[in-house]
Amino acid sequence: MAYVLLETKGHVGIVTISRPKALNALNADVLNDLSNVFTQVAKDDNIYVVVLTGEGRSFVAGADISAMRDMTAVEGQEFAALANSTFLQIENLAKPVIAAVNGFALGGGCELSMACDMRIASEKALIGQPEVGLGITPGFGGTQRMPRIIGYGKAMELILSTRKVKADEAYAIGLVDKVVPHDQLMDEAMKLAESIAVMPQVAVRQAKLCIRKGMQADINTALAFESEAFGLCFSTEDKHESMSAFLEKREAKNFKNR
Ligand code: HXC
C-alpha cells in the first residue's frame, strides 16, 4: 500500500497513514489504501487491537483540498461516500481501534479520529473542523460523530466557528481521552492496546459491539443487545477459565479467545 502502512507488534496492528509531504491529507488513493488495510486487519486473526496514527508532524490535516477544489457536486458526494464507507469499516471492525493523534487532526482528520473507538493525543495535537471556513460542511461524519462524542452545544460551536483546539482543551471537552508528552505517544497507545490485547477477545469484541450498537438505539433495544452479548460470553472457554481461576485463587491460563 503506497500511503498506508501496516505493521504488527504482538497482537497489535499499527496502521500509519503516510503521505507526510501533504500532512497526510486524504485523497481517494489514501482512502482506498486505508480501506484495503482495514480489510486486511479484519481478516488477520493475529491482530486483536489496532493503533492508527500518522507519519511525521500530522495525524491527518484533512481531506485533500487540491483534490476537492474543482470537484462537482456529484464528485463531492462520491468522495464523501468513499470516506464514509472507509470510516464505517473502522467503526464496525470487531477489533478495537485506538487513534494516536500525533499532530494536526483537522477536518477529515478529526473525523477519522472520531470514527476510532478511543483517542490518545500528543501534547502537540491540534484538532478541529475547518470545513465551514472553506465553504463546505464536514463531509466525513463530523456533524454526526462530534455531537455524539462531545455534546450538541460544543460540537455546534467548534463546527460553526471552525475554532481549532489544542490537546489540553480537546481532553477537557472529551474530544480525546488522554493527553501525553509527544515522545511518549506511541508507547502510551501501545500500552493501552496491549492492556486490551491480553483480555479474552470474545468479551472485548462483544463489549465494543454493545457500546457501538447501543449508542445508536433506544435503551430497551440497547439493553437487549447487551443481554445477548452477555449470554453469548457464557458459551466461551475463556469465561469458564477466568472464573475458575478467580475461585481457585490462581492466575488465569492463556485465553483461547473462544
Ligand atoms: C491538501 C494540504 C492539506 C490539505 C496541508 N496540505 N493540509 N494539502 N489538503 N488538507 C499541504 C500544504 O499545501 C503544503 O503543501 C504541505 O501540506 C504542508 O502544509 P503547510 O500549510 O505548509 O504547513 P503549516 O504552515 O505547518 O500549516 C499546517 C496546517 C495547514 C495548519 C495543517 O496546512 C492547513 O491549514 N491545512 C489545511 C487544513 C484544513 O483546512 N483541513 C480541512 C480540509 S476540508 P506544499 O506543497 O505547499 O508543501 C476537509 C473536509 C472533509 O477535511 C470532508 C470532505 C467531504
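Note that ligands are numbered from 1 as they come in the structure, with each ligand's atoms numbered from 1 the same way. Numbering starts at 1 and runs along the sequence shown.
Of all protein heavy atoms, the one lying nearest to atom 40 (O) of ligand 1 is P130 CG, 3.6 Å. Among all non-hydrogen protein atoms, the one lying nearest atom 54 (C) of ligand 1 is F140 CE2, 3.4 Å. For atom 23 (O) of ligand 1, the closest non-hydrogen atom of the protein is R57 NH2, 3.2 Å. The protein heavy atom nearest to atom 35 (O) of ligand 1 is L106 CD1, 4.7 Å. For atom 31 (C) of ligand 1, the nearest protein heavy atom (residue, atom name, distance) is F104 CE2, 3.9 Å. Atom 53 (C) of ligand 1 has as its closest protein heavy atom G139 N, 3.3 Å. With hydrogens left out, the protein atom closest to atom 21 (O) of ligand 1 is L23 CD1, 5.0 Å, a heavy atom. Annotation: atom 2 (C) of ligand 1 to nearest protein heavy atom, A22 O, 3.9 Å.
Every atom of ligand 1 is numbered from 1 in the order shown, and the set under 4.0 Å from a heavy atom of G108 is 49 (C), 51 (C), 52 (O). Annotation for ligand 1: atoms under 4.0 Å from non-hydrogen atoms of M68 are 44 (S), 54 (C). Within the listing of ligand 1, atoms 42 (C), 52 (O) sit less than 4.0 angstrom from a heavy atom of G107. Atoms of ligand 1 found under 4.0 Å from any heavy atom of D64 (numbered from 1 in listed order, with element): 1 (C), 9 (N). Each of the atoms 40 (O), 43 (C), 44 (S) of ligand 1 lies under 4.0 Å from some heavy atom of L134.
Heavy atoms from other residues, nucleotides or ligands lying under 6.0 Å from OH of Y171 number 12 at most. Heavy-atom neighbours of K124 NZ from other residues, nucleotides or ligands within 6.0 Å: at or below the threshold of 12. Around atom CG of N254, no more than 12 heavy atoms belonging to other residues, nucleotides or ligands sit under 6.0 Å away. Shown here is E228, whose CD atom has no more than 12 heavy atoms of other residues, nucleotides or ligands within 6.0 Å. No more than 12 heavy atoms of other residues, nucleotides or ligands sit less than 6.0 Å from atom CZ of R69. Around the CG atom of D218, the shell of radius 6.0 Å holds more than 12 heavy atoms that belong to other residues, nucleotides or ligands.
Donor-acceptor pairing under 3.5 Å is recorded for the side chains of N102 and T53. Counting only N and O atoms by type, the side chains of Y3 and N27 include no donor and acceptor under 3.5 Å apart. Between the side chains of D238 and T236, no donor-acceptor pair is found at a separation under 3.5 Å.
Polar contact with ligand 1: present for I65 (N/O pair, distance under 3.5 Å). Considering backbone and side-chain N/O of A63, one or more are found under 3.5 Å from N/O of ligand 1.
Not a single protein heavy atom sits closer than 4.0 Å to atom 46 (O) of ligand 1. Proximity of atom 25 (O) of ligand 1 to the protein is not indicated, since no non-hydrogen protein atom lies closer than 4.0 angstrom. In this structure, atom 10 (N) of ligand 1 has protein heavy atoms in its sub-4.0 angstrom surroundings. Atom 33 (O) of ligand 1 is approached by the protein to below 4.0 angstrom, counting heavy atoms only. Per-atom contact check: atom 4 (C) of ligand 1 touches the protein, criterion being a heavy-atom distance below 4.0 Å.
In this structure, V51 is not a member of the same hydrophobic cluster as V176, with clusters built from ILVMFWY side-chain heavy atoms closer than 4.5 Å.
Residue-level proximity to ligand 1 for A61 is carried by backbone and side chain together, each with a heavy atom below 4.0 angstrom. Only the backbone of K21 comes within contact range of ligand 1, with a heavy atom under 4.0 Å; no side-chain atom does.
Sorted by first and then second residue, the salt bridge (charged side-chain N to carboxylate O under 4.0 Å, His left out) pairs with a member in residues 147-165 read K154-E157, E157-R163, R163-E169; sequence neighbours excluded.
Judged by distance alone, the side chain of E226 and the main-chain N or O of L223 form no donor-acceptor pair under 3.5 Å.
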(request) Apply side-chain hydrogen bond (donor to acceptor under 3.5 Å, both in side chains) to S35 and Q89, showing your working. (result) CA-CA 7 Å; S35 173; Q89 246 183 298; 2.7 Å; yes

